[in-house]
Amino acid sequence: MRAVTIEDGELRWLERADPVPGDTELLVTVHAAGLNGADLVQVKGFYPAPPGAPPDIPGMELAGEVVAVGRQVTKHAVGDRVMGLVGGGAQATIAVVDESHALPVPATLSWPEAGGFCEVFCTAFDALWNQGAIAMGDRVLVTGAAGGVGTAGVQLAAATGAVVVASVRDPARRAVVAALGADEVVDPTDVAAHGPYDLVLELVGAAGFADAVGALATGGRIVVIGVGSGAAVELDLYELMRRRAVVRGSTLRARTRAEKATVISGVGAHVLPALAAGRVRVPVSATMPMADAPAAYRAFADGHKLGKIVLVA
Ligand SMILES: NC(=O)c1ccc[n+]([C@@H]2O[C@H](COP(=O)([O-])OP(=O)(O)OC[C@H]3O[C@@H](n4cnc5c(N)ncnc54)[C@H](OP(=O)(O)O)[C@@H]3O)[C@@H](O)[C@H]2O)c1
């Protein structure tokens, strides 16, 4: 197979040995694999793949066709179109994915949409439901709402019956985020004026954190998922006390096989039908060949995109 490979902090497109599926794994010819912020951090040497994943082939989500299955696989078969979550190794022409971390690709989805679905929709679903206990009628703030997780979070929160406030710093992308279901799309500096929030999906980190805490409703929850603008904040604990507020954080990649399977199964039950019916969608801002990974990573780092950048084989 060919694989995007990290060598001395650089990305190369190299020939590598094909992976061999374990008992519960699917061997997949990859058609599309989404890029994520963690891939960029991994190239810089700061976010190693978890044990069991290839340490030098990035990529945490993929879509493709099953070409072989392990001995204990029961849910998928050769020929199936699947999309899945992996600890690493997605950005290659062939990859393995545990069958409990894979979902069928709806017939309505293109390969790039499927390849950019799992990481951001699983993250947004888990943050809103499992971590944030979203409920119908909640006023929900999604920061960094034009990105991959943000566009997923806006759509899922809106589909649940929440009132969604999306913060987007680029005015050119506010209308399209509104079209995804946000009730109000605001500049990050205006967040405080649009509360009080029952739930904040914090995808940016330190930059607007104090404003988010100050705009929490009584019993409000902040779920911290991304810290691209910084991870260190000064926090007035009294502001949390008087709101009976909860701040929690979460990562997906380092979870156990069973924990990830629980998230995938929730997404399969609750999000996949809406995706198949076109009620939620995966905004793909650009597709680029895997062989051009360095350019794709640069485009991701430059920002100003809506949703996903996806590598295609
Ligand atoms: N905890 C987890 O398990 C998990 C899982 C997935 C992702 N993440 C993290 O969550 C974050 C969001 O992921 P993503 O895939 O949605 O990334 P993304 O596609 O790059 O989106 C990030 C969004 O945040 C905006 N943004 C960045 N810095 C900002 C700032 N200082 N002020 C206001 N807006 C800012 C960006 O705007 P511009 O386009 O204008 O730059 C972009 O719209 C990333 O940090 C990622 O690493 C965590």
Side-chain angles (χ1 to χ4, degrees), residues 33-44 46-47 49-50 58-61 85-88 90 101 115-128 130-132 141-156 165-174 176-177 180 182 185-191 200-212 222-233 247-256 259-260 263-264 267 282-286 296-310:
L35 264 184
N36 287 281
D39 303 329
L40 279 69
V41 182
Q42 186 178 344
V43 174
K44 290 182 180 151
F46 295 118
Y47 195 48
M60 303 190 302
E61 60 186 352
L85 267 187
V86 291
H101 302 162
F117 171 78
C118 280
E119 175 68 17
V120 292
F121 273 85
C122 287
T123 297
F125 174 81
D126 181 70
L128 291 170
N130 302 337
Q131 315 292 329
L141 170 66
V142 180
T143 66
V149 182
T151 50
V154 164
Q155 294 179 83
L156 294 182
V165 179
S167 90
V168 175
R169 65 175 165 184
D170 179 357
R173 287 177 291 162
R174 292 197 188 127
V176 66
V177 173
L180 291 174
V185 185
V186 303
D187 187 84
T189 56
D190 290 337
V191 153
V200 176
L201 177 56
E202 181 54 73
L203 301 175
V204 171
F209 193 77
D211 287 346
I222 299 181
V223 182
V224 182
I225 292 298
V227 291
S229 71
V233 293
V247 179
R248 60 188 299 171
S250 169
T251 62
L252 190 59
R253 189 187 202 182
R255 292 194 204 176
T256 65
E259 287 168 335
K260 286 186 191 172
V263 176
I264 279 279
V267 168
V282 186
V284 175
S285 121
Y297 277 58
R298 280 195 297 277
F300 191 101
D302 286 347
H304 301 291
K305 62 184 178 54
L306 182 88
K308 301 290 297 183
I309 292 177
V310 180

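The chain is numbered in sequence order, starting from 1. Start at 1 and go down the list; that is how both ligands and their atoms are numbered.
For Ser285 (side chain) and Lys305 (main-chain N/O), no donor-acceptor pair under 3.5 Å exists by modelled atom type. Remark: side-chain polar atoms of Arg253 are paired, donor with acceptor, to backbone N or O of Gly87 under 3.5 angstrom. Looking only at distances, a side-chain donor or acceptor of Asp170 sits under 3.5 Å from a matching main-chain atom of Ala172. In terms of modelled atom types and a separation under 3.5 Å, the side chain of Arg174 and the main chain of Ser167 share no donor-acceptor contact. With hydrogens and angles disregarded, a donor-acceptor distance shorter than 3.5 Å links the side chain of Gln155 to the backbone of Thr151. Put simply, the side chain of Glu202 gets close to the backbone of Val204: a donor and an acceptor are under 3.5 Å apart. Between the side chain of Glu61 and the backbone N or O of Glu119 there is at least one donor-acceptor pair closer than 3.5 Å.
Numbered from 1 in the order shown, with element, the atoms of ligand 1 that lie under 4.0 Å from a heavy atom of Phe300 read 20 (O). Close contacts between ligand 1 and Thr123 involve ligand atoms 4 (C), 5 (C), 6 (C) [criterion: under 4.0 Å to a heavy atom]. Listed by atom number, the atoms of ligand 1 under 4.0 Å from Lys305 heavy atoms are 18 (P), 19 (O), 20 (O). Heavy-atom proximity to Leu203, at under 4.0 Å, picks out these atoms of ligand 1: 11 (C), 12 (C). Heavy-atom proximity to Ser229, at under 4.0 Å, picks out these atoms of ligand 1: 31 (N).
Contacts with ligand 1 closer than 4.0 Å are made by heavy atoms of both the backbone and the side chain of Leu252. Counting heavy atoms under 4.0 Å from ligand 1, residue Glu119 touches it through the side chain alone.
For the pair His101 and Val86, the minimum side-chain heavy-atom distance is 4.5 Å or more. Residues Val120 and Asn36 are in side-chain contact: their nearest non-hydrogen atoms beyond the backbone lie under 4.5 Å apart.
In terms of polar-atom proximity, Ala207 is not counted as a contact of ligand 1, lacking any N or O under 3.5 Å from an N or O of the ligand. When only interatomic distances are considered, the shortest N/O to N/O separation between Gly148 and ligand 1 falls below 3.5 Å. By the 3.5 Å distance cut-off applied to N or O atoms, Val149 is counted among the residues near ligand 1. The shortest N/O to N/O separation between Arg169 and ligand 1 falls below 3.5 Å.
Protein heavy atom at the shortest distance from atom 8 (N) of ligand 1 is Ile225 O, 3.7 Å. The protein heavy atom nearest to atom 25 (C) of ligand 1 is Gly144 CA, 3.9 Å. In terms of protein heavy atoms, atom 43 (O) of ligand 1 is closest to Gly147 N, 3.4 Å. For atom 45 (O) of ligand 1, the nearest non-hydrogen atom of the protein is Gly226 CA, 3.7 Å.
Proximity of the aromatic rings of Phe125 and Phe121 is defined here by a centroid distance below 6.0 angstrom, and this criterion is not met.
Of the candidates Ile225, Asp126, Ile222, Gln131 forms a side-chain contact (heavy atoms from CB on, under 4.5 Å) with just one, namely Asp126.
Atom CG of Asp302 is separated from atom CD1 of Ile309 by 8.5 Å, given to the nearest 0.5 angstrom.
Comparing His304, Glu61, Met60, Arg173 against atom 40 (O) of ligand 1, the shortest heavy-atom distance belongs to Arg173. For the residues Gly303, Ser250, Ala254, the heavy atom positioned nearest atom 1 (N) of ligand 1 is part of Ser250.
Checking atom 30 (C) of ligand 1 against the protein gives a heavy-atom contact under 4.0 Å.
A heavy-atom separation below 4.0 Å is not found between Asp170 and ligand 1.
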